[in-house]
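These notes are about the structure you will find just below.
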Amino acid sequence: MDVIQVQGPARLAGEVAVVGAKNSALKLMAAALLATGESVITNIPRITDIALMGEVLRRLGCEVSFTERSKTLADVRINVPETLNPEADYDLVRRLRASICVLGPLLARCGRVRVAHPGGDAIGSRGLDMHVAGLARMGAEISGEHGFVIAEAPSGLKGAAIWLDFPSVGATENLLMAAVLAKGETEIDNAAREPEIVDICTMLSSMGADIEGAGSSKLVVRGVAALSPTTHATIGDRIVAGTWAFGAAMTQGDVTVTGIDPAYLEIALDKIVQAGGMVETRPDSFRVRMDNRPRAVDVVTLPFPGFATDLLPMAIGLAAVADGVSLVTENIFDGRFMFVQEMIRLGADIKTDGHHAVVRGRERLSSAEVRATDIRAGAGLVIAGLLTDGTTVVRHAHHIDRGYPDFVSDLRGLGVVADRVEAPADPEYII
Ligand code: EPU
């Protein structure tokens, strides 16, 4: 059981490089399933979730090998056999919720699929109804038993008109990957528009798929008989980049982030400007500088191009030390504010009602021992530790490893005294 400890007060200053986006790379690896033969994906982050996705693909029958390019970066080669095993078991799916993204490609390739239902997690209930309803529109018969989602389309999927109730990232990706090999045309309306959706569309198109409208809320996919393997480079991670941007702003620091198109973070960077920061952008990097105490700003999370829910812990961190009162509204996940209790342990003045948080900024927080509940909350708590007057210990650091390659080295590179240490396991029950 590892913990990360940081010494406050500290200011982030220097340059940090971000590598490929977790939430793109995971789906690009699943997209490789759509073509027999070897696909290569570069700019892959070296994080736990990617290693787990490699394991998922191996259990489906693929050969998967990673070539390390640096401490944080790898390429992955995925050799996909003609015949795949269309079953992903609970043991893996519970460790990597994103493995549900094999549902669409496996159904398209095998005509049947059995994937364990991932259930909810620390940030919310996380339904699958839109994935399932969309596949049903394409002719799949869906059932569920013993904790599995079972989808069958023995005579193949057919193009259909699909309207999503909400622009779900995961449902858009699953339906897109199912549609590229379906017979006829599929229209996905109210589709997600995240940069990661554009990335997967680019990779699928280079495999021979016929997709129109990537990055808009209407995707039109004309199914083709087969796709071919490809080589594709993952786009940079906007959430990791945004973490450093907010880290710089809340610690009154000066950080240049490379390896990212700042257009993916327009609203987030604008919030930093509203808070009094200076932001300079270049095509694949940006710099954030904050010379004074940040001003309070209100934040509302929304699907892209809105403010990303994954940056909510960073927005709360900024608000916690800003001058004034900020209202932070979460619209995507019902459990995202769970980590607020840990921020309160660090001395933040926050009141929540499930969807809103009222944050009254304080000059400084107070160091404490806290617990990461998910990837982003974990990173947010470590950075909030820099706003305190002592050593902050963040337990359950394995959550952070799921999304941030070598977080501690990056912090040190930005001038922070940070360590990763072994700690005794938490007692399971506290009476
Ligand atoms: N939802 C449903 N039914 C569905 C699908 C979604 O009710 O069929 C609900 C979810 O329960 C949630 C909301 O819709 O409340 C949004 O879910 P969405 O499908 O958009 O999210 P996701 O695909 O499960 C991805 C990222 C998340 C990121 C969200 C939103 C991956 C692996 N995960 O999740 O990233 O927060 O999009 O941008 O791509 C993270 O990286 O830490 C993370 C949680």
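All figures in this text were calculated on a predicted structure; none of them were measured in a lab. All ligand and atom numbering here is 1-based and tracks the order in the structure.
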Can you pull out the closest protein heavy atom to [atom]? Residue, atom name and distance to 0.1 Å, please.
atom                    : answer
atom 38 (O) of ligand 1 : Val169 CG2, 4.0 Å
atom 19 (O) of ligand 1 : Ser168 OG, 2.6 Å
atom 5 (C) of ligand 1  : Gly127 O, 3.3 Å
atom 42 (O) of ligand 1 : Arg376 NE, 3.0 Å
atom 32 (C) of ligand 1 : Asn23 OD1, 3.3 Å
atom 13 (C) of ligand 1 : Ile332 O, 3.6 Å
atom 21 (O) of ligand 1 : Phe333 CZ, 4.0 Å
atom 23 (O) of ligand 1 : Gly170 N, 2.8 Å

Can you name the nearest heavy-atom pair linking Ile47 to Gly403, along with the distance?
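Shortest heavy-atom contact: CG2-C, 3.7 Å.
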With a 4.0 Å heavy-atom cut-off (strictly under), which part of [X] contacts ligand 1: side chain, backbone, both or neither?
X      : answer
Phe304 : neither
Lys22  : side chain
Leu128 : backbone
Thr309 : side chain

Identified side-chain contact (heavy atoms from CB on, under 4.5 Å) counterpart of [X] within the set [options]:
X      : options                        : value
Leu175 : Val180, Leu219, Leu164, Val221 : Leu164
Val113 : Ile142, Leu84, Leu106          : Leu106
Val288 : Thr281, Leu269, Val255         : Leu269

Residue pair Arg376 / Thr243, side-chain donor-acceptor N/O under 3.5 Å
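No - no donor-acceptor pair under 3.5 Å links their side chains.
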Please assess Ile239 against Tyr404 for the test side chain to side chain contact (heavy atoms under 4.5 Å, CB included), listing each intermediate value before the final yes or no.
CA-CA 10 Å; Ile239 306 302; Tyr404 292 82; 4.2 Å; yes
Given Asp237, Ile197, Asp310, which has its nearest heavy atom closest to atom 36 (O) of ligand 1?
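Nearest heavy atom to atom 36 (O) of ligand 1 lies in Asp310.
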Closest candidate by heavy atom, reference atom 1 (N) of ligand 1, pool Met130, Glu196, Arg402
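Among Met130, Glu196, Arg402, the closest heavy atom to atom 1 (N) of ligand 1 belongs to Met130.
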So do the side chains of Leu73 and Asn43 get within less than 4.5 Å of each other, counting heavy atoms only?
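Side-chain contact under 4.5 Å: yes.
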Straight-line distance of Leu157 CG to Leu107 CG, nearest 0.5 Å:
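So the gap between those two atoms works out to 4.5 Å.
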Sub-4.0 Å heavy-atom contact, Lys27 with ligand 1
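Per 4.0 Å heavy-atom rule, Lys27 contacts ligand 1.
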Flag the pair [X] and [Y] as a salt bridge only when some basic side-chain nitrogen lies within less than 4.0 angstrom of an acidic carboxylate oxygen.
X      : Y      : result
Asp310 : Lys22  : no
Asp89  : Arg114 : no
Glu369 : Arg345 : no

With the threshold set strictly below 4.0 angstrom, can you tell me whether any protein non-hydrogen atom sits that near atom 9 (C) of ligand 1?
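Not a single protein heavy atom is under 4.0 Å away.
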Atoms of ligand 1 less than 4.0 Å from [X] heavy atoms?
X      : answer
Ile375 : 42 (O)
Phe166 : 13 (C), 14 (O), 16 (C)
Ala98  : 32 (C)

Set out, in order, the CA-CA distance, both residues' side-chain angles and the distance that settles side chain to side chain contact (heavy atoms under 4.5 Å, CB included) for Asp165 and Asn190, then state yes or no.
CA-CA 7 Å; Asp165 292 337; Asn190 200 23; 5.9 Å; no
